[in-house]
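Following: one structure in structure tokens, then a few remarks.
As the structure is a computational prediction, the values presented were derived from the model and not from experiment.
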Amino acid sequence: MIDIDQTLGTLAAESRTHLEVLEALELDYCCGGTQTLAQACTKRGLDAGTVAALLEGLDHSTHM
């Protein structure tokens, strides 16, 4: 389960899929890696719950 309070750095390190999604959404997991998903989404005007659900859904589809 993706927690919106996880840091971007942690999410990026968990899987290549997470890293690609963070890049596509322009969420900085490198220099901004200490931000939580919720904080980063707020700054970019994104809904953190939706992004978490997207990441979660991609996790399930890549493990099938």
statement: Looking only at heavy atoms, the pair that brings A48 and A38 closest together is CB-CA, 3.8 Å
If I take atom [atom1] from residue [X] and atom [atom2] from residue [Y], how far apart are they, to the nearest 0.5 angstrom?
{"X": "L55", "Y": "L25", "atom1": "CG", "atom2": "CG", "value": "8.0 Å"}
{"X": "D28", "Y": "T34", "atom1": "CG", "atom2": "OG1", "value": "9.5 Å"}
{"X": "L8", "Y": "C31", "atom1": "CG", "atom2": "SG", "value": "11.5 Å"}
{"X": "L37", "Y": "T10", "atom1": "CG", "atom2": "OG1", "value": "11.0 Å"}
{"X": "M1", "Y": "Q6", "atom1": "CE", "atom2": "CD", "value": "10.5 Å"}
{"X": "I4", "Y": "D47", "atom1": "CD1", "atom2": "CG", "value": "8.5 Å"}

Are [X] and [Y] side-chain neighbours, meaning at least one heavy-atom pair lies under 4.5 Å?
{"X": "L11", "Y": "L27", "result": "no"}
{"X": "L58", "Y": "L54", "result": "yes"}
{"X": "H18", "Y": "I2", "result": "yes"}

